[in-house]
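Excluded from the calculations below are hydrogen atoms, water molecules and symmetry mates; all remaining heavy atoms, backbone and side chain alike, are included. Only a predicted model underlies this, so the values are computations on that prediction, with no experimental measurement involved. Order of listing sets the numbers, starting from 1, for every ligand and every atom in it.
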Amino acid sequence: MRRLSLWLVRLGYLSLLFGCLAIPASAQDQGPMVAAANPHAAEAGMAVLRAGGGAVDAAIAVQAVLGLVEPQSSGIGGGAFLLHYSAKDKAVHAYDGREMAPAAAAPDLFLGPDGKPLKFYGAVVGGRSVGAPGVLRMLQMAHADHGQRPWKTLFGGAIDLAEKGFEVSPRLNFLLTRDKHLRTQVSARRYFYLPDGAPLPVGHVLVNRAYGETLRTIAEEGADALYTGAIARDIVETVQSHAGNPGRLTMDDLAGYRAVKRDALCRPYRGHRVCTMPPPTSGGIATLQILGILEHFPLHTMAPGSVEAVHVISEASRLAFADRGQYVADTDFVDVPVTAMLSRGYLGSRAKQIDPARSMGKARAGTPLQKKGDGLPWAPNSDGALPSTSHFTIVDGQGNIVSMTTSVENAFGSRLMVRGFLLNNQLTDFSFRPEKDGRPVANRVEPGKRPRSSMSPTIILDQQDNPVAAVGSPGGSRIIGYVTKTIIGVLDWNMSMQQAIDQPHFVNRNGTTDLEQGTAAARLEPALTALGHNVRVRTLNSGLHGIRFTATGLDGGADPRREGVVLTD
Ligand code: GLU
């Protein structure tokens, strides 16, 4: 049945290619279901669900395997955001496991001796970029609230695979081949490259005993095993003693790391409630702003992928990115006018700036608080598109949902490896410049602060708070475009999850309009250029994994642009 579901997913993709939109084309089942970036990870999640585990239990198993088989993307040395829907209370809660800057981190962390910002990879590779990891403490917090199986039983799949070995996938091999920095770090080179320096080939069986051992300790002792004691000492030693680029992370920073349970950010859209993650990610606010602006346009009358639809969605995205650049950073440190930014009146006034016949060009930030922008924080946008990060969506047998986006930031993070796992470089998601035009930057480095993210795990409910769909993606700040496009596919165009994911990408981050190479979207270049867009055709590497709830059962989708699958029983 599992294999059959996989085939159904692929068939869904084919049916989209041949335009058979009317045929229900995705894996449809009563669940449980896991949609994740790697078959081993999805399988580990399903094993927990089959044994009576809940969605959070399965998420722990999935994450433990992803850290092994997709180490370029996420792991226990990184951070994450988890959105949980509880079927019993019909409530969505948001868990924040974003990395925190060390107590000794100052706004000049990423400035060189000349006072100028460091080069990006000069900052990334080494200890300087490593924040206190948040994944494990966040999972432990979610498990304390919603776990149904004992913590120590959830790591068996990952431990087995680490000790027996797994086959290097084409994507892992591709990223190892392309990466210039991983091989410069001794522990990572020994693990990921052959003695002659060649990257591990596709199909090579890679064993990671150190990771297996680390997971055994975490299974036995809980998340604290990573934050205190011998593993923590190794993390700190590796970060602080890096030869060219040491960091400031201490044992106190690790011991003091706290996950945070936050109120999910929910806003109506076309008779639904779209719930997503609040700051420190900018992703939730931006997604909801784009949708709130688009409510003023009859998208259902426009064909998916048509010039008029791509134009209006791109323009709405420009407006949201302008506000994102001006206002959004960690709300524990900076006042972000979240309510005003999402108010119907404000978004209606933003929608009026969109001309269906002409691009506005560069959008300017609005004034949601109805006063001049002066004195408000300034958070320039610096992040790009990355081949890392992972999103998975899980529905358990009781209808509970986990929608979790997880990341070590850049591919292979800081490139530092400790006890079989990689350490993040999430601190480079802070603005390198602490001030601009004499004003402090909202997303500047500060002790204990969480860098601004774009990750946007999402859960959509109907008016009775029953679940409709859940989705998310990697892709740096393009995540916002990928997730929004998929929500629109499901809600405005009534697509299956697979069809919504497969739609050709187009993304505007208040600059160029990027169209996905090799797809029908690329053919829109002349028409969009004529409307005043500055168009770029390029690969757009999302990793969308989502599940839709339908009258006939669950409908899952996995992004054909990565190596993901949908599994169900
Ligand atoms: N570090 C990025 C963020 O938190 C994610 C990077 C990616 O998606 O590849 O927004």
Side-chain angles (χ1 to χ4, degrees), residues 37 66 70-75 77-83 94-101 110 120-121 123-124 129-135 138 171 175 178-179 276-287 320-321 324-325 328-330 379-392 403-415 422-432 443 445 449-458 471-484 486 505 507 509 514 539-545 559 561-564:
L66 284 176
E70 203 199 25
Q72 68 271 21
S73 291
S74 76
F81 297 121
L82 185 157
L83 223 52
Y95 294 88
D96 170 354
R98 186 68 164 168
E99 293 86 341
M100 273 169 66
F110 294 118
F120 185 67
Y121 282 103
V124 165
S129 64
V130 180
V135 164
M138 181 199 77
R171 186 170 171 80
L175 291 170
R178 172 179 118 150
D179 197 87
T276 173
M277 194 71 209
T281 186
S282 62
I285 295 177
T287 303
F321 268 84
R324 171 185 183 270
V328 185
D330 182 354
N381 171 21
S382 56
D383 44 347
L386 306 161
S388 56
T389 308
S390 211
H391 180 88
F392 56 85
S403 180
M404 172 164 155
T405 315
T406 174
S407 181
V408 289
E409 214 297 298
N410 205 259
F412 307 104
S414 64
R415 277 57 170 190
L422 286 158
L423 299 179
N424 70 84
N425 68 298
Q426 212 70 247
L427 299 187
T428 57
D429 268 3
F430 281 117
S431 171
F432 282 24
N443 188 34
V445 184
K449 192 174 176 181
R450 295 165 196 240
R452 184 182 65 184
S453 167
S454 299
M455 297 192 285
S456 316
T458 303
V471 72
S473 180
S477 53
R478 289 191 178 84
I479 289 172
I480 294 160
Y482 301 148
V483 169
T484 310
T486 310
H505 286 318
V507 178
R509 299 178 295 161
D514 299 339
T539 49
L540 290 171
N541 194 233
S542 57
L544 289 150
H545 295 103
D559 202 323
R561 302 164 185 88
R562 298 208 183 185
E563 296 174 331

message = Below 4.0 Å, non-hydrogen atoms only: which portion of D429 touches ligand 1? Side chain, backbone, both or neither.
response = side chain

Aromatic plane relationship, F432 with F120 - under 30° parallel, 30 to 60° tilted, over 60° perpendicular = parallel

Backbone of R452 reached by a side-chain donor or acceptor of N443 within 3.5 Å = yes

task = Give the contacting part of R450 toward ligand 1: side chain, backbone, both or neither, where contact means a heavy-atom distance below 4.0 Å.
result = neither

task = Give the numbers and elements of all ligand 1 atoms closer than 4.0 Å to a heavy atom of G475.
result = 7 (C), 8 (O), 9 (O)

ask   = Which ligand 1 atoms does T389 reach within 4.0 Å, using its non-hydrogen atoms?
value = 5 (C), 6 (C), 7 (C), 8 (O), 9 (O)

query = Can you tell me if N424 uses its side chain to pair, donor with acceptor, with the backbone of G131 under 3.5 Å?
reply = yes

inquiry  = Would I479 count as being in polar contact with ligand 1, using the rule that some N or O on each side must be under 3.5 angstrom apart?
reply    = no

message = Run H391 and I479 through side chain to side chain contact (heavy atoms under 4.5 Å, CB included) and show every step you take.
response = CA-CA 10 Å; H391 180 88; I479 289 172; over 6 Å; no

inquiry  = Taking ring pair (Phe, Tyr, Trp, His ring centres under 6.0 Å) as the definition, give me every residue that meets it alongside F412, ordered by chain and number, with sequence neighbours left out.
reply    = F192

ask   = At the 4.0 Å heavy-atom cut-off, does R478 count as touching ligand 1?
value = no

Salt bridge flag under 4.0 Å for residues R98 and D96 = no

ask   = Side-chain contact, heavy-atom cut-off 4.5 Å: T281 with P457?
value = no

query = In terms of atom number and element, which parts of ligand 1 are under 4.0 angstrom from non-hydrogen atoms of M455?
reply = 3 (C), 4 (O), 10 (O)

message = Using a 4.0 Å cutoff against the non-hydrogen atoms of G476, which atoms of ligand 1 qualify?
response = 6 (C), 7 (C), 8 (O), 9 (O)

request  = Look only at interatomic distance and state if P474 has a nitrogen or oxygen under 3.5 Å from any nitrogen or oxygen of ligand 1.
outcome  = no

inquiry  = Please check whether R452 reaches ligand 1 - meaning an N/O of the residue sits under 3.5 Å from an N/O of the ligand, judged on distance alone.
reply    = no

